[in-house]
Amino acid sequence: MKAKLYDTIQTLVDIHADFDHRDRIILKGTEGAIVECYENPELYAVDLAIPNNKLVGGFEYENVMLEPTQFTILLASVELGKRYTGSAV
């Protein structure tokens, strides 16, 4: 499997919302966290953080199902003090 539970990801393509906001398009580059992993077929439930200044904390969250090709895993670099994208393998 490409990712594991609680990995931080970034979308590689625009995503259509799955549930409450089916007409909503979530833009490429949105970050989120893996909340469930499925093996067959390989799918991931992801909570995507969508900026919203009207809400406390500055984000609202949309839960979507993503295929492995729709996101990349973000890795944290403690030494560099910043994030970078790359393979988790």
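As the structure is a prediction and not an experimental result, all values here were calculated from the model. The first residue in the sequence is number 1, and the count goes up from there.
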Closest non-hydrogen contact found for Leu48 with Thr30 is CB-CG2, 4.0 Å
Notebook entry, point to check: Does the side chain of Glu42 reach to within under 4.5 Å of the side chain of Glu67, using non-hydrogen atoms?
Noted result: no
### Query
Would you say Gln10's side chain and Gly29's backbone share a donor-acceptor pair under 3.5 angstrom?
yes
Practice task
May I ask you to test the Ile9-Leu74 pair for a side-chain heavy-atom distance under 4.5 Å?
Solution key: no
Quick one: do Ile50 and Phe71 end up in the same hydrophobic cluster if we chain Ile, Leu, Val, Met, Phe, Trp and Tyr together by side-chain heavy atoms under 4.5 Å apart? yes
Practice task
Indicate, with yes or no, if Leu55 and Leu27 share a hydrophobic cluster defined by side-chain heavy-atom contacts under 4.5 Å among Ile, Leu, Val, Met, Phe, Trp and Tyr.
Solution key: no
Here the pair of heavy atoms bringing Met1 nearest to Cys37 is CE-CB, 3.7 Å
Close side-chain approach of Ile26 and Thr11, heavy atoms under 4.5 Å = no
Q: State, with a plain yes or no, whether a side-chain heavy atom of Ile15 is found less than 4.5 Å away from one of Gln70.
A: yes
Rounded to the nearest 0.5 Å, the CD atom of Glu60 sits from the CG atom of Asn53 at a distance of 11.0 Å
>> With a 4.5 Å cut-off on side-chain heavy-atom distances among I, L, V, M, F, W and Y, is there a chain of contacts connecting Val46 to Phe59?
In response: no
Looking only at heavy atoms, the pair that brings Asp14 and Lys28 closest together is OD1-N, 2.8 Å
| task | Consider only side-chain heavy atoms of I, L, V, M, F, W and Y, link residues closer than 4.5 Å, and tell whether Leu66 and Val35 are in one cluster. | result | no
Notebook entry, point to check: Does Leu75 belong to the same Ile/Leu/Val/Met/Phe/Trp/Tyr cluster as Ile34, with side-chain heavy atoms less than 4.5 Å apart forming each link?
Noted result: yes
When every non-hydrogen atom of His16 is compared with those of Ile25, the smallest separation belongs to CE1-CD1, 3.3 Å
Here the pair of heavy atoms bringing Tyr61 nearest to Ala49 is CE2-CB, 3.5 Å
Heavy-atom closest pair (Ala3 atom, Tyr44 atom, distance to 0.1 Å) is N-OH, 3.2 Å
